[in-house]
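Remarks on the structure that follows.
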Amino acid sequence: MDFDFSPEEQKFADEVEEWLVANHDPVVMDPTRENFSQLADTPERRAFMKKLAKQGWLGMSWPKEYGGQEIEGVYEYILNEALSRHAAPQIGKGVGIIGKTLIRHGNEKLKQEFLPKILSAEVEFAVGYSEPQAGSDAANMQLKAEKVEGGWKLNGQKMWTTSAHFADWYWVGARTDPDKPKHDGLSLFLIPMDHPGLEVQSLPTVGKDTTNQVFFEDVFVPDDYLVGKRGQGFQMISEALDLERFTMFTLSPISERTRVLVEWVKEATRDDQPLREAPDTRRLIANIVTDTAVAKALSTRFVCAAKSGGKPPTIQSSQYKLFTTTLSQRVCDEALDITGAAGTIREGQDEAPIRGRFEGAYRATMNETVGGGSSEIQKNIIARRHLGLPKNF
Amino acid sequence: MDLDLSEEQQMIKDMTRGLLEEHCPVDVVREMEDDPTGYPAPLWKQMGEAGLIGVLIPEDRGGSGQTLVEAALIYEEIGRALAPTPHFVSGVLSAGLLLEGGSEEQQARWLPEIASGQAVLTPAWLEPDRGFGEAGVQLAAKAEGDDLVLSGVKRHVNYAAAADRLIVLARSDEGVELVLVDPRAEGVSLTQVRSQSGEAHYRVDLQDVRVAGSERIGRPGQGWELFERVLQRGIVLLAAQAIGGADRALEITVEYAKVRKQFDKPLGAFQALAHYMSDASTRIDGGRVLVHEAAWNDAQGRSIARFAPMAKLFACNTYKDATRMCCQVWGGVAFTLEYDAQLFFRRAKEMQLSWWDTRTLEERVAADVLDR
Ligand SMILES: Cc1cc2nc3c(=O)[nH]c(=O)nc-3n(C[C@H](O)[C@H](O)[C@H](O)COP(=O)(O)OP(=O)(O)OC[C@H]3O[C@@H](n4cnc5c(N)ncnc54)[C@H](O)[C@@H]3O)c2cc1C
């Protein structure tokens with residue numbers, strides 16, 4: 001048993017930390033954007049990703065023949081946790097989901113076109129799986145892809161494409177074979193985001209940021225831009241999730257929030273008494289810190305399972321995601337309880353404790369238990385695959 | 001034993017619902033968020049004409065002289081409709097303070113106008129870095145001759161810009177004072193502070209504000225006793241409002257769970273979700289009866305020192321938990337501004353943190369159970 005990083009891993013963690021401190025930039029790193037801080041959605045954040053690329057930190061786990069270093073995924077985990085701790089944009093989509101899928105299944109043309117650009121951070125992607133009728137039931141995608149001369153014609157709608165308003169390329173699942181069973185009729189496509197038939201409509205959220213719905217009207221995609229084999233879309237999507245365990249939902253933003261809360265409580269007073277002396281505050285803080293340690297333990301658990309190779313740590317990551325996203329919301333809730341009436345002051349005003357960080361986070365974390373596989377879906381996975389309970393739907 | 005509403009009570013409830021449906025549909029609720037006045041004038045006028053604002057004000061002062069039970073029924077409807085009005089600060093708290101401690105002259109001057117909605121009064125109570133208890137009131141009231149001179153800062157003053165008078169809680173050598181202050185008087189400045197719910201909240205800075213001693217409500221130093229008594233009744237109504245909000249949020253969620261399908265089934269067919277909603281409905285139904293019991297005890301002239309904080313504690317926790325659960329059932333759409341679930345979600349948390357928060361209520365219940 002060893003809870004520490006290996007000396008090499010620790011060295012890398014230190015190096016990343018030092019680099020992030022040296023490259024700190026409040027325009028790039030804004031913790032009040034909570035989950036949305038991971039997006040490289042402004043020129044400054046894209047420039048930051050290019051600097052990260054120059055460090056050689058993109059695609060570290062890729063095979064050497066595609067410009068990677070073939071090192072363990074745990075280094076990408078270390079990097080992403082550090083990035084998210086600093087509220088910097090994160091790796092994941094390009095290097096992880098899209099890059100790794102192209103390496104395994106992409107044709108030569110797509111590999112040559114995209115892999116170098118991913119490594120140099122010259123391309124940003126939007127991921128379009130979800131649709132109005134395909135949320136938790138992701139395989140239920142209805143976006144229609146019709147075979148036409150030299151390619152495919154896409155018609156329909158995507159929902160929740162978070163990066164659609166700034167991305168260069170769109171990674172899209174569509175139904176190419178409506179007559180096949182629903183998991184076998186989907187294919188993946190790459191489409192330039194500025195394609196004339198695409199219309200992006202923003203969906204403002206109760207957090208600070210927006211996501212989008214995207215409408216397709218006769219969007220033509222050449223044959224070469226169908227990724228992998230026709231009809232294998234859903235299998236590739238699931239496989240990519242398994243390959244990407246190391247850079248999924250990070251813990252650092254939550255431990256950071258806990259840290260910020262603790263710092264504040266240490267200094268705050270109520271009726272001229274130190275808040276940290278109030279028994280109810282002590283009880284809440286003790287439990288938040290304890291549960292944050294458990295979230296860390298669950299993350300250590302999936303990282304160790306992932307490191308060992310073998311089966312993808314599906315159960316471990318479901319348990320981690322379930323526990324951590326629930327905790328994330330609870331920390332915000334109880335932080336507001338600790339601040340009392342001042343907790344009602346909306347984020348961004350000097351009047352508010354910590355400029356309303358927790359008021360904003362109370363709203364911004366609402367969908368953490370929904371996006372990326374809801375809590376209920378995680379529970380179903382744990383019940384069936386871990387506990388061996390019968391399927392009931 | 002009988003939990004049914006009387007015919008008259010049912011009428012008040014139905015009338016309130018009808019009035020709110022007509023004058024406070026959800027687009028009006030949305031429009032009023034962050035509005036400096038914070039409530040729609042036509043709604044307020046209608047509520048005045050229907051006798052709803054003066055529900056707790058005696059008939060000889062222009063009100064309709066009902067008990068806390070009828071008021072609770074109205075508040076449940078206000079909660080369902082998410083109606084933004086200064087009813088609580090003006091019709092309940094300010095009117096209550098005047099009724100409990102006001103002079104004949106003060107009552108005659110303000111109560112009829114409060115009841116009609118013509119005048120709005122609002123307490124200025126909380127202060128930065130201070131709590132919900134008596135010790136939290138530190139804004140200075142210096143006696144100079146017959147006058148009081150007020151200096152300090154108040155926060156979370158609801159609807160202050162629309163108010164004809166603030167009732168400022170201030171500390172003199174005698175204790176806590178309640179003082180009627182014109183928000184337009186020299187030395188008073190208002191700054192709108194945006195809140196989680198979007199209700200019109202103000203910071204009020206008072207700098208050497210001179211007020212005649214005759215503007216004090218009650219005897220010197222009696223302010224906290226009066227305020228506590230009035231707020232204790234008031235929170236029963238906030239509990240009713242929370243139950244109304246939770247009930248409506250659950251209602252729209254259940255409807256959605258019947259029609260939204262994933263995996264070829266309506267969401268409500270997944271027991272995981274059905275059980276959440278069953279839990280919430282159990283708590284809402286229990287909470288509602290607890291609120292009614294608190295209000296009824298008050299109407300019987302019995303003490304509600306325990307019932308009142310229990311009612312708000314339970315109802316506001318239920319509202320907060322239920323709205324989070326509802327957002328979970330809605331899935332991604334709950335996170336968009338376009339859908340209404342988030343309106344309930346934000347208001348529920350704010351209600352829990354306002355007018356005695358969880359910590360204060362727990363302490364009041366525990367004190368009543370353990371310290372007597
Ligand atoms: C801000 C935001 C950003 C997003 N970004 C992206 C993106 O970039 N790309 C993308 O493709 N998608 C994205 N998503 C979509 C996200 O993955 C979906 O919202 C999620 O999969 C849930 O789908 P849904 O919203 O349709 O909810 P639904 O699937 O309708 O779920 C509603 C409720 O039903 C429950 N439920 C569903 N099935 C079951 C079951 N079998 N048993 C028990 N309970 C069940 C769910 O847990 C949930 O509580 C984003 C979503 C949001 C809100």
Side-chain angles (χ1 to χ4, degrees), chain A residues 130 132-140 159-160 203-207 210-211 268-273 275 278 280-281 284 329 332-333 336-349 351-353 356 359-360 362-364 366-367 369-371 374-377 379-380 383 392-393, chain B residues 34 126-133 135-136 138 155-156 191 193-199 201 203 260-265 267 269-273 276 320 324 327-339 341-343 345-346 349-355 357-360 362-363:
Chain A
S130 302
Q133 300 311 320
S136 299
D137 187 3
N140 196 38
M159 191 73 183
W160 313 118
L203 287 170
T205 74
V206 69
T210 64
T211 171
T269 61
R270 187 172 57 232
D271 295 335
D272 304 318
Q273 303 298 310
L275 202 52
D280 61 323
T281 302
L284 289 173
Q329 296 175 343
C332 301
D333 188 14
L336 292 181
D337 290 345
I338 291 172
T339 56
T344 65
I345 302 175
R346 198 176 323 152
E347 201 229 314
Q349 299 170 97
E351 293 268 320
E359 188 284 321
Y362 186 76
R363 291 179 281 115
M366 183 215 274
N367 87 316
T369 49
V370 171
S374 70
S375 290
E376 291 70 28
I377 296 300
K379 289 182 205 179
N380 286 342
N392 74 341
F393 67 92
Chain B
D34 293 343
L126 297 172
E127 300 177 18
D129 297 323
R130 303 207 173 275
F132 286 97
Q138 293 298 331
R155 240 177 18 192
H156 311 288
T191 316
V193 177
R194 283 167 302 132
S195 82
Q196 183 164 53
S197 73
E199 191 177 47
H201 286 191
R203 171 193 166 105
R260 163 75 174 168
K261 283 188 176 167
Q262 285 288 274
F263 304 99
D264 301 321
K265 281 190 180 184
L267 296 181
F270 299 118
Q271 291 192 342
L273 303 183
Y276 294 159
K320 185 198 74 178
R324 178 172 304 281
C327 291
Q328 185 69 19
V329 172
W330 285 83
V333 289
F335 196 53
T336 64
L337 288 182
E338 187 188 334
Y339 280 71
Q342 51 91 12
L343 299 174
F345 178 76
R346 288 184 287 118
K349 186 64 194 169
E350 182 164 303
M351 278 194 79
Q352 187 221 358
L353 295 173
S354 305
W355 306 112
D357 61 355
T358 301
R359 158 201 289 140
T360 310
E362 285 172 350
E363 175 50 34

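In the text below, chain A, chain B and the rest are named by the order of the sequence lines, each starting its count at 1. Every value quoted in this text rests on a predicted model; they were computed, and no experiment measured them.
- Contact of B:Arg155 with chain A is made through the side chain alone, with heavy-atom distances under 4.5 Å.
- Note that the NZ atom of B:Lys320 and the OH atom of A:Tyr362 stand 6.0 Å from one another [nearest 0.5 Å].
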Kindly determine whether B:Arg130 and A:Asp272 satisfy side-chain contact (heavy atoms from CB on, under 4.5 Å), including the steps that lead there. CA-CA 8 Å; B:Arg130 303 207 173 275; A:Asp272 304 318; 3.3 Å; yes
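- Note: A:Gly135 leads A:Ala139, A:Gly135, A:Gly343, A:Ala134 in heavy-atom pairs under 4.5 Å with chain B.
- Scored by the salt bridge (Lys or Arg N to Asp or Glu O under 4.0 Å) test, B:Arg324 finds no partners at all (sequence neighbours excluded).
- Side-chain contact between B:Phe132 and A:Asp271 is absent, with no heavy atoms from C-beta onward closer than 4.5 Å.
- Listed by chain and residue number, B:Tyr256, B:Tyr339 satisfy the ring pair (Phe, Tyr, Trp, His ring centres under 6.0 Å) test with B:Trp330 (two or more places apart in sequence, or in another chain).
- Contact of B:Gln352 with chain A is made through the side chain alone, with heavy-atom distances under 4.5 Å.
- A side-chain donor-acceptor contact under 3.5 Å links B:Gln328 and A:Thr369.
- Checking each of A:Leu284, A:Asp280, A:Asp337 against B:Arg359 for a side-chain contact (heavy atoms from CB on, under 4.5 Å) leaves exactly one that passes, namely A:Asp280.
- The distance from the CD1 atom of A:Ile338 to the OG1 atom of B:Thr358 is 12.0 Å, given to the nearest 0.5 Å.
- For the options B:Gly136, B:Gly332, B:Ala334, B:Ala269, heavy-atom pairs under 4.5 Å to chain A are most numerous at B:Gly332.
- The choice from B:Asp264, B:Val333, B:Leu273, B:Thr360 that makes the most heavy-atom pairs within less than 4.5 Å of chain A is B:Val333.
- The shortest distance between side-chain heavy atoms of B:Phe270 and A:Glu376 does not fall below 4.5 Å.
- Residue contact with chain B, scored on non-hydrogen atoms closer than 4.5 Å, involves the backbone and the side chain of A:Ser375 alike.
- Side chain of B:Gln262 to main chain of A:Gln133: a donor-acceptor pair is present (N/O by atom type, distance under 3.5 Å, no hydrogens or angles).
- Between chain A and the residues B:Gln271, B:Arg260, B:Glu338, the most heavy-atom pairs under 4.5 angstrom are made by B:Arg260.
- Between A:Thr344 and B:Lys349, every side-chain heavy-atom pair lies at or beyond the 4.5 Å cut-off.
- Heavy atoms of A:Ala278 lying under 4.5 Å from chain B are absent altogether.
- Within the 4.5 angstrom heavy-atom criterion, atoms from both the backbone and the side chain of B:Asp129 approach chain A.
- Within the 4.5 angstrom heavy-atom criterion, only side-chain atoms of B:Leu126, from C-beta onward, approach chain A.
- Closest approach of A:Asp137 to B:Phe263, counting heavy atoms only: OD2-N, 2.9 Å.
- Ranked by non-hydrogen atom pairs under 4.5 Å with chain A, the options B:Ser197, B:Gly331, B:Gly198 are led by B:Gly331.
- Taking chain A as the reference chain and counting heavy-atom pairs below 4.5 Å, the highest number among B:Glu362, B:Arg346, B:Lys261 is found for B:Arg346.
- At a 4.5 Å heavy-atom cutoff, A:Ala268 makes no contact with chain B through either its backbone or its side chain.
- Inter-residue side-chain proximity for A:Ile345 and B:His156 is flagged as met; some heavy-atom pair is nearer than 4.5 Å.
- Ranked by heavy-atom pairs under 4.5 Å with chain B, the list A:Gly360, A:Gly207, A:Ser136 is led by A:Ser136.
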Passes side-chain contact (heavy atoms from CB on, under 4.5 Å), A:Glu351 versus B:Thr191? Steps please. CA-CA 11 Å; A:Glu351 293 268 320; B:Thr191 316; over 6 Å; no
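- Per-residue counts of heavy-atom pairs under 4.5 Å with chain B were compared for A:Gly348, A:Ala341, A:Ser374, A:Pro353; the largest is that of A:Ala341.
- Neither the backbone nor the side chain of A:Gln273 comes within less than 4.5 Å of any heavy atom of chain B.
- Among the candidates A:Arg363, A:Gln349, A:Lys379, the residue making the largest number of heavy-atom pairs closer than 4.5 Å to chain B is A:Gln349.
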